[in-house]
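Since the structure comes first, as structure tokens, the remarks are kept for the end.
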Amino acid sequence: MDNCNRRLQLQILIFPASRRVSRRPIAIGRGLTSLLPVFRTAHAASRFGSPSCAEKAPQNPSSRAFCLVSRLSFGVMQIWCMEPYPCGDRRLPHHVFPPKKLSPDQLAQKTGVQYFKVDLDDTVAMKKRLSRVKAERNVSSSDVFTISESIADFNDKLEEFYEPQQRADDVVSLVIDGSCYYDVEPEEDEWIRVQLERGDLLVIPKGLSHRFTTTPKNFVQMQRFFSKKPDTQG
Ligand SMILES: CSCCC(=O)C(=O)O
């Protein structure tokens with residue numbers, strides 16, 4: 001064994017993998033340091049879309065990694081380009097590589113999709129925003145839609161909602177609790193993923209191909225607004 005290999009082996013013996021991860025960034029504080037392995041798992045999950053790599057992603061869909069990373073995004077809506085043929089769990093992020101994020105303005109320019117942040121605790125502001133969207137989008141009714149893994153046909157529902165749809169009316173949704181993804185397809189096989197959380201209001205213009213799924217939290221409650229009766233929308 002040459003000197004170089006001997007040094008490498010010594011390093012591995014002295015700092016086994018789990019310790020090496022948490023040693024280097026000690027200067028940034030214990031709290032964040034302890035999150036690093038979590039970030040790494042989540043990053044791996046989001047970076048890779050191939051079947052082999054998807055297997056490296058957290059197996060438990062309501063994983064701690066996802067919840068922590070999503071909480072650390074500080075409530076700003078996240079939008080990114082998705083790989084065209086995602087393999088494995090559709091609730092994983094399936095970023096293109098290298099990841100490409102979009103701003104709400106870029107999303108609007110590219111797809112016509114509009115996004116608003118609504119402060120659900122400020123009733124006056126919320127009503128103002130909603131009545132504007134309702135007037136502009138010709139909304140005549142709404143319902144409250146909840147999906148969670150406690151419902152009997154949860155997986156069937158997810159299958160159903162992940163089928164690409166094109167609606168004759170705008171799709172208007174306000175997330176009241178939990179989180180979800182809407183994927184929109186401005187060009188064939190070019191998917192953009194929008195992650196919505198509490199207070200996010202999204203308007204998908206009529207005719208734009210889109211699909212829906214939960215995040216790994218498996219729970220979302222949202223108010224959906226219709227220009228026709230809700231029972232026409234499944
Ligand atoms: C969970 S509601 C989402 C369904 C949908 O995308 C649609 O109705 O077009």
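One-based numbering along the sequence shown. Remember, it's 1-based here, ligands and their atoms both numbered in the order they're listed.
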Kindly identify the option in Gln165, His210, Lys157 whose heavy atom sits closest to atom 6 (O) of ligand 1.
His210
Separation between NZ of Lys157 and OG1 of Thr214, rounded to the nearest 0.5 Å:
14.0 Å
Would you say the side-chain atoms of Glu197 and Gln195 include a donor-acceptor pair closer than 3.5 Å?
yes
Please verify whether a non-hydrogen atom of Arg224 lies at under 4.0 Å from ligand 1.
yes
Nitrogen or oxygen atoms of Arg167 and ligand 1 under 3.5 Å apart:
yes
Do Thr213 and Cys180 touch side chain to side chain, with heavy atoms closer than 4.5 Å?
no
Which of the ligand 1 atoms, numbered from 1, are nearer than 4.0 Å to a heavy atom of Met222:
1 (C), 2 (S)
In terms of side-chain geometry, is the basic nitrogen of Asp122 or Arg129 positioned less than 4.0 Å from the acidic oxygen of its partner?
no
Taking the six-membered ring where the residue is Trp, are the ring centres of Tyr182 and Tyr115 under 6.0 Å apart?
no
Judged by heavy atoms only, the candidate from Tyr162, Phe145, Tyr182 nearest atom 3 (C) of ligand 1 is Tyr182
